[in-house]
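Only a predicted model underlies this, so the values are computations on that prediction, with no experimental measurement involved.
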Amino acid sequence: MAGVHSGERMAGVFSYESSEIDWCEDNYRHSEHVVESFNTMSSFIFFIISPIMLYLLHPYAKERSLAIHLVWVMMIFVGLFSAYFHMTLSFVGQMLDELSILWVLAVGYAVWFPRRLFPSFIKDSLLQVHVDFCLCALRRRSTFSKLVLVITVISSVSSFVKPTANAYALNCFGLHLLYTLIIEMKCCTDQKALRLAKLSIALWVLAISCWLSDRFGCSFWQRINFCYLHGFWHILIVIAVAYGSTLIAYLDASYEIPYSLPGLQYWPCDKWAVGLPHIVLKGNPKTEKRC
């Protein structure tokens with residue numbers, strides 16, 4: 001009997017609408033097999049933007065660290081799990097969706113968080129080590145990455161305790177990244193980078209506004225028959241991540257590989273008012289020492 005009950009519980013977490021979260025969009029409006037059609041379809045924006053960003057950032061990642069590609073590889077999984085979650089509104093779908101976002105943030109922290117903002121105990125632990133600057137920098141980054149990994153694993157396990165609180169915790173991480181970005185931009189004089197920062201913040205604020213409005217203002221949107229703000233959150237947050245991550249990568253390149261003379265451009269045309277930002281390396285990195 002214990003095995004039967006265990007099997008039923010396992011099947012239950014995969015079943016449709018087993019999640020405690022139900023977004024504002026009307027369920028099963030367009031298909032009896034898809035709970036939230038627009039939210040599901042809008043998740044496919046991840047599959048469009050992510051491969052483009054992987055391609056655009058490859059010259060920078062090749063020079064800096066191929067681990068940077070993990071951010072956009074993980075974003076593909078975010079899109080996959082988001083589509084599955086909104087298609088089923090299952091508990092497993094919810095957890096996969098939220099944990100994939102958590103791991104994207106973790107990878108971003110590990111590869112891009114500025115070394116000068118590392119916790120003091122990481123900096124102090126290497127002060128007495130007699131190694132060259134590059135090796136010291138690599139060891140600090142490795143130590144910080146291990147710390148991020150431990151915290152992420154603990155957070156992943158803890159997320160099963162109160163699943164409904166996960167989304168709010170993830171947004172808090174987003175606020176910390178925004179705060180870090182603002183600190184970094186105070187020392188920046190590049191007008192193109194400053195413009196990119198303003199656009200990144202504006203897109204993030206607009207995306208969060210859609211998420212919050214769908215979550216807490218659903219009755220209003222139902223009255224006017226417009227229940228699609230969570231789908232617009234998907235679209236806006238992918239573009240915001242593209243803008244924000246490129247800006248962070250540009251600042252990282254300016255600190256870590258300044259000899260490559262990093263610059264910002266937009267795809268498909270740099271003269272257009274809109275597009276996807278990416279980094280161009282104007283220097284000759286082959287003649288420089290790498291860290």
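- With Ser19 contributing its side chain and Phe91 its backbone, the two residues share no donor-acceptor pair below 3.5 Å.
- Inspection of the Ser209 and Trp233 side chains reveals no N or O donor paired with an N or O acceptor under 3.5 Å.
- The number of heavy-atom neighbours closer than 6.0 Å to CZ of Phe47, taken from other residues, nucleotides and ligands shown, is above 12.
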Point to revise | Val153/Leu149 under side chain to side chain contact (heavy atoms under 4.5 Å, CB included): CA gap, chis, key distance, verdict | key: CA-CA 6 Å; Val153 170; Leu149 175 62; 4.1 Å; yes
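- Annotation: side chain of Gln191 is in contact with side chain of Leu194 (closest heavy-atom distance under 4.5 Å).
- The one candidate from Ile235, Val205, Leu236, Ile237 that meets the side chain to side chain contact (heavy atoms under 4.5 Å, CB included) condition with Cys210 is Leu236.
- Distance alone, capped at 3.5 Å, places no donor-acceptor pair between the Tyr243 side chain and the Trp204 backbone.
- Taken to the nearest 0.5 Å, the CZ atom of Phe46 stands 8.0 Å off from the OG atom of Ser100.
- A disulfide bridge does not connect Cys24 to Cys227: their SG atoms sit 2.5 Å or farther from one another.
- Judged purely by atom type and a 3.5 angstrom limit, Lys282 has no side-chain atom pairing as donor or acceptor with the backbone of Leu261.
- Remark: Leu57 CG to Ile279 CD1 distance equals 6.0 Å, nearest 0.5 Å.
- The number of heavy-atom neighbours closer than 6.0 Å to OH of Tyr84, taken from other residues, nucleotides and ligands shown, is above 12.
- How far OG of Ser158 is from CD1 of Ile151: 11.5 Å, rounded to the nearest 0.5 Å.
- Taking the ring centre of Tyr250 as origin, the terminal cationic atom of Arg195 falls outside the region bounded by 6.0 Å and 45° from the ring axis.
- Ring geometry for Phe38 versus Tyr228: interplanar angle over 60°, hence perpendicular rather than tilted (30 to 60°).
- Residues Arg115 and Glu256 are paired through a salt bridge, judged by an N-O separation under 4.0 Å between the basic side chain and the carboxylate.
- The side-chain heavy atoms of His86 and Val35, taken from C-beta on, include no pair separated by under 4.5 Å.
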**Study point:** Working for side chain to side chain contact (heavy atoms under 4.5 Å, CB included), residues Met41 and Val34
**Key:** CA-CA 10 Å; Met41 293 303 298; Val34 179; over 6 Å; no
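- Contact between Ser18 and Ser90 at its shortest, heavy atoms only, is OG-CA, 3.3 Å.
- Considering every non-hydrogen atom in both Asp270 and Leu264, the closest pair reads OD1-O, 4.4 Å.
- Residues Trp72 and Leu66 are members of separate hydrophobic clusters, defined by side-chain heavy-atom contacts under 4.5 angstrom among Ile, Leu, Val, Met, Phe, Trp and Tyr.
- Looking at every heavy atom in both residues, Pro277 comes nearest to Met53 through O-CE, 3.6 Å.
- In this structure the side chain of Val92 never reaches within 4.5 angstrom of the side chain of Phe85, judged on heavy atoms.
- Under the 4.5 Å side-chain heavy-atom criterion for Ile, Leu, Val, Met, Phe, Trp and Tyr, Ile248 and Tyr179 are members of distinct hydrophobic clusters.
- Using a 4.5 Å cut-off on side-chain heavy atoms (C-beta onward), Glu98 and Ile21 make contact.
- Heavy-atom contacts from other residues, nucleotides or ligands closer than 6.0 Å to CZ of Phe226 number more than 12.
- When hydrophobic clusters are built by joining Ile, Leu, Val, Met, Phe, Trp and Tyr residues whose side-chain heavy atoms come closer than 4.5 Å, directly or via intermediates, Leu196 is not grouped with Tyr255.
- Side-chain atoms of Val111 and Ser65, non-hydrogen and from C-beta on, never get closer than 4.5 Å to each other.
- Looking at Asp97, its side chain never comes within 3.5 Å of a backbone N or O of Gly93 through a donor-acceptor pair.
- The closest donor-acceptor contact from the side chain of Glu25 to the backbone of Asn39 lies under 3.5 Å.
- Linking ILVMFWY side-chain heavy atoms closer than 4.5 Å, directly or via other members, places Ile183 and Leu247 in two distinct hydrophobic clusters.
- Ring-plane geometry between His230 and His234 is classed as perpendicular, the angle between the planes exceeding 60 degrees on a 0 to 90 degree scale with a lower cut at 30.
- Between Tyr266 and Leu276, every side-chain heavy-atom pair lies at or beyond the 4.5 Å cut-off.
- Paired with Trp23 under the rule ring-ring contact (aromatic ring centres under 6.0 Å, His included), one option of Trp211, Phe232, Trp221 passes, and it is Trp211.
- With hydrogens and angles ignored, the 3.5 Å screen pairs a side-chain donor or acceptor of Asp190 with a backbone N or O of Ala193.
- With hydrogens and angles disregarded, no donor-acceptor distance shorter than 3.5 Å links the side chain of Thr152 to the backbone of Trp103.
- For the atom pair OG1 (Thr246) and CG (Leu251), the distance works out to 11.0 Å, reported to the nearest 0.5 Å.
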**Study point:** Working for side-chain hydrogen bond (donor to acceptor under 3.5 Å, both in side chains), residues Trp112 and Ser245
**Key:** CA-CA 9 Å; Trp112 278 324; Ser245 64; over 6 Å; no
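- Taking both residues in full, the closest heavy atoms of Ile48 and Pro51 are given as O-CD, 3.6 Å, listed atom of the first, atom of the second, then distance.
- For the atom pair Asp252 CG and Arg64 CZ, the distance stands at 4.0 Å (nearest 0.5 Å).
- Considering all non-hydrogen atoms of both residues, Ala110 and Ser145 come closest at O-OG, 3.5 Å.
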Exercise for review: Might you work through the side chain to side chain contact (heavy atoms under 4.5 Å, CB included) test for Met95 and Val13, ending with a clear yes or no?
Suggested key: CA-CA 10 Å; Met95 298 309 299; Val13 298; over 6 Å; no
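- A distance of 8.5 Å separates CG in Leu80 from CG in Leu96, rounded to the nearest 0.5 Å.
- Tyr16 is not listed as a side-chain neighbour of Leu89, based on a closest heavy-atom distance of 4.5 Å or more.
- Considering every non-hydrogen atom in both Gln94 and Glu20, the closest pair reads OE1-N, 4.1 Å.
- Between Asp22 and Arg215 there is no salt bridge, since no side-chain nitrogen of the basic residue lies less than 4.0 Å from a carboxylate oxygen of the acidic one.
- Between the side chain of Thr40 and the backbone N or O of Met87 there is at least one donor-acceptor pair closer than 3.5 Å.
- Under the 4.5 Å side-chain contact rule for hydrophobic residues, Leu56 and Val280 do not share a cluster.
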Exercise for review: Determine, step by step, whether Asn27 and Glu17 satisfy the side chain to side chain contact (heavy atoms under 4.5 Å, CB included) criterion, reporting the C-alpha distance in whole Å, the side-chain angles of both residues, the deciding distance to 0.1 Å, and the verdict.
Suggested key: CA-CA 10 Å; Asn27 295 348; Glu17 299 185 82; 3.4 Å; yes
